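The chains referred to below are lettered A, B, ... by the order of the sequence lines, with proteins before strands, and numbering in each begins at 1. All values derive from a computational prediction rather than experimental measurement.
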Protein chains: 2
Amino acid sequence: MAIARTVDRRLFFLFNRAHTQLAKFADYHLAGSSGVSTSQAAVLTYLGYHDGCRLSDLANGVGRNNSAITGLVSRMEKLRLVSRKKTLDGRSRAVYLTDEGWRLREIVREDFRSFNEKLTRGLTESEVDAVIKFLNLSIENVAPQDK
Amino acid sequence: MAIARTVDRRLFFLFNRAHTQLAKFADYHLAGSSGVSTSQAAVLTYLGYHDGCRLSDLANGVGRNNSAITGLVSRMEKLRLVSRKKTLDGRSRAVYLTDEGWRLREIVREDFRSFNEKLTRGLTESEVDAVIKFLNLSIENVAPQDK
DNA sequence: CTATATTATTTCACATCTGAAACAATAGAG
DNA sequence: CTCTATTGTTTCAGATGTGAAATAATATAG
C-alpha cells in the first residue's frame, strides 16, 4: 500500500520515461527499415485509411495541432511521400499518399506489428486490457477542458 | 479476441496519443501554477533528491541525453532556478537548486500529487498495478540494445 | 614525462512540437 | 451585394529532443 502510494505519485514521470524509451526504440527501428520517423509513420498509417483527407482531419487523426501538421506534411512532401492537392473548398487542402508513401506504409506496418507485440510481452491478457483502459481513460480524463 | 488483437496493433499509437494529451495537460497546469515546463519540473524534482549531482547524472535521472540537459539546464539557469558549479574533477560540473528552485519544486510537487491521482481515477488497484508493470517492462524490454 | 584513451560537457544541424498571430477564403447577416 | 464572422492553413518565435562532432580535462600506457 505504502509502496503503491509512492509509485502512484511518480506515475506521470514513469509514463514519460517509458514514452521516451519507446519513442527512441521505434525511431531506431523505423530508421533501419523504412527510414521515416515515428511522426511520419503515424501520418502514413492514418492516410492509408483516409487518403485525401484535409490537413486538419489529419491533424486530428494523429493528435497534433495544425501548425505541427503543416511542417510535418511539408517535410514529407519534400520526401515525395505525400502530396497536397486543392479541394472544392478553397480554404482547405487535401493530402494524398504517393506511390512511395504507400510502399513505405507497408514496411511501417510490418515494423509496428512486431513492435506492438513486443510491447505486450510478459503481460497477461487482462493486464493488457488494463493498460488499454488506462490509456483510453488518460486520453478522456484529461481531454481539453470543456470549450 | 479479434477486437483485442486489433487494439494491440495500435498499442504504440494509443500510447503516443495518451502521452501527447497528458503532456499538454501537465504543461497547461504547471504553466498556471509554478510556470515551469514538464521537462523543467522533472529536473526540479530530481535535483530535490540529488542536489549537486553532475550534469550527466541528471541526464540519466530524467532520461534524456546530455545535449538535451545542457540546453535545459542553461535555460533554467537563466531563470535562476538552478546553478552550475565546479567540481573536483575539472571535466564535470555540478547542478544545484537555487532558493527559487526549491520553492517552485514544492509547488510542482503539489501539482503532480493531484495530477497522478487523476491518472488512476476509474482504475482498480490491480489495474493500476498492471499499468505500472507495463510501463516498467516497456522501459526494460526496449532498453538500449546490449552495447 | 609525453602520447593516447577515456570521460564530461557543449556545440551544431535539424526534426518536432506548441500557442499565438497572420492570411486566405467561404459563409452569413442585413 | 457588402461587411463581418468563421474556418482552414501557414507563419513565427521559441522550447525540447536527437545524434554526431567538437572541446576540454583527467587517466593511463610506455
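Atom pair A:Asp57:CG and D:dT7:P shows a separation of 14 Å (rounding to whole Å applied). Note: CZ (A:Arg54) to P (D:dT10) measures 12 Å, nearest angstrom. Taking atom CG on A:Leu55 and atom P on C:dA24, their separation rounds to 17 Å, with Å as the unit. Distance CE (B:Met76) to C1' (D:dG17): 16 Å, rounded to an integer number of Å. If you take CG of A:Leu58 and P of D:dT10, they are 11 Å apart, rounded to a whole angstrom.
Comparing the helix axis at one end of the helix from C:dC1-D:dG30 to C:dG30-D:dC1 with that at the other, each defined from 5 consecutive pairs, gives an inter-axis angle of 0° (nearest 10°).
Of all the residues in residues 83-103 of chain B, B:Asp89, B:Gly90, B:Arg91 reach under 4.0 Å from DNA chain D with at least one non-hydrogen atom.
In this structure, B:Phe15 has its ring center at least 6.0 angstrom away from the ring center of B:His19. Note: B:Phe115 and B:Phe25 meet the aromatic proximity criterion, with ring centroids under 6.0 Å apart.
For the residue pair A:Cys53 and A:Tyr46, the shortest heavy atom distance occurs at SG-CE2, 3.9 Å. The heavy-atom pair separating B:Leu135 from A:Leu11 by the smallest distance is CD1-CD1, 3.9 Å. Across all their heavy atoms, A:Gly48 and A:Arg105 have their closest contact at CA-NE, 3.2 Å. Between A:Leu119 and B:Ser138, the shortest heavy-atom contact is CD2-OG, 4.1 Å. Counting all heavy atoms, side chain and backbone alike, B:Ala41 lies closest to B:Val108 at CB-CG1, 3.8 Å. Contact between A:Asp51 and A:Leu97 at its shortest, heavy atoms only, is OD1-N, 2.8 Å.
Taking the salt bridge (Lys or Arg N to Asp or Glu O under 4.0 Å) definition, one finds that A:Lys133 meets it with B:Glu127, sequence neighbours left out. Residues passing the side-chain contact (heavy atoms from CB on, under 4.5 Å) test with A:Arg64 are A:Val62, A:Ala68, A:Ile69, B:Thr20, sequence neighbours excluded.
One side chain, A:Ser67 or A:Asn65, offers a donor N or O that lies under 3.5 Å from an acceptor on the other.
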Could you pull out the protein-nucleic contacts involving nucleotides 21-23 of chain D (nitrogen or oxygen on both sides, under 3.5 Å)?
none

For B:Arg54 and B:Asp57: C-alpha separation, side-chain torsions, deciding distance, then whether salt bridge (Lys or Arg N to Asp or Glu O under 4.0 Å) applies. CA-CA 5 Å; B:Arg54 298 177 320 158; B:Asp57 294 329; 3.3 Å; yes
What one-letter contact string describes nucleotides 15-21 of chain C from 5' to 3', where B marks a base within less than 4.0 Å of any protein heavy atom, S marks contact via sugar-phosphate atoms alone, and - marks no contact? SBSBBB-
